[in-house]
Amino acid sequence: PSIEPTVGPWDDGLLFSSSRTRANEYFKVNPGGSSPGDGNFYIAARPAPIVETIAKTGHEFAMLGAVRGYSAERFEAAMAPWRTWAQMIAQVSVLAAHSGEGVIDAALTVDLAAR
């Protein structure tokens with residue numbers, strides 16, 4: 001199977017897969033949404049770019065008066081600690097495994113940024 005992360009609708013939620021080929025096969029065979037059984041889930045995020053995007057977007061909305069209770073200056077002040085916090089973390093990742101028996105084992109990893 002290919003290693004091509006993909007996501008698709010499944011029952012009343014989403015199915016994440018590291019293989020588009022396997023996900024497509026699953027959806028063809030099992031359109032009803034029953035559990036695909038054993039599997040793993042991995043996601044990683046870098047907080048600094050996420051916080052920076054939120055700060056820039058929020059600033060624009062605050063300038064338009066669209067952020068209730070915040071002027072652009074007040075919004076920038078509120079984002080300052082978030083920017084500082086986000087710069088301290090290089091990456092956050094979660095790895096979860098489902099055993100098919102209603103048990104999920106998960107590991108959260110936080111990699112600190114080099115100083």
Side-chain angles (χ1 to χ4, degrees):
S2 64
I3 297 180
E4 183 179 359
T6 191
V7 62
W10 172 57
D11 195 21
D12 60 352
L14 296 173
L15 174 74
F16 293 89
S17 177
S18 60
S19 170
R20 179 183 293 270
T21 304
R22 287 282 170 92
N24 286 337
E25 289 171 4
Y26 175 74
F27 289 129
K28 285 178 191 172
V29 174
N30 192 6
S34 64
S35 175
D38 294 351
N40 293 319
F41 174 75
Y42 175 79
I43 188 168
R46 294 186 319 267
I50 294 169
V51 168
E52 193 57 35
T53 299
I54 292 168
K56 287 179 179 179
T57 304
H59 178 82
E60 294 297 318
F61 280 112
M63 285 178 50
L64 296 170
V67 181
R68 187 179 307 167
Y70 287 89
S71 63
E73 295 78 21
R74 187 167 178 222
F75 185 82
E76 283 298 315
M79 288 304 299
W82 287 94
R83 283 180 162 137
T84 300
W85 168 82
Q87 291 297 325
M88 291 189 271
I89 299 173
Q91 180 172 291
V92 176
S93 59
V94 176
L95 175 63
H98 180 261
S99 67
E101 300 172 2
V103 176
I104 297 176
D105 294 317
L108 171 68
T109 304
V110 177
D111 299 319
L112 299 179
R115 293 212 171 235

Closest non-hydrogen atom pair, Arg46 against Ala90: CG-O, 3.4 Å

Can you name the residues that form a side chain to side chain contact (heavy atoms under 4.5 Å, CB included) with Leu64, not counting sequence neighbours? none

Side chain to side chain contact (heavy atoms under 4.5 Å, CB included) filter on Ser71, not counting sequence neighbours, yields Glu73, Arg74

Can you name the side chain to side chain contact (heavy atoms under 4.5 Å, CB included) partners of Ala44, sequence neighbours left out? Tyr42, Gln91, Ser93

How would you list all residue pairs meeting side-chain hydrogen bond (donor to acceptor under 3.5 Å, both in side chains) that involve residues 49-59, not counting sequence neighbours? Glu52-Arg83, His59-Glu76

Membership question, hydrophobic clusters at under 4.5 Å side-chain separation (ILVMFWY): are Ile50 and Val94 in the same one? yes

What's the separation between atom CD1 in Ile54 and atom CZ in Phe75, rounded to the nearest 0.5 Å? 8.0 Å

All side chain to side chain contact (heavy atoms under 4.5 Å, CB included) counterparts of Ile89, not counting sequence neighbours: Pro47, Trp85, Val92, Val110, Leu112

Shortest non-hydrogen separation from Val67 to Gly58 and the atoms involved: CG2-O, 3.8 Å

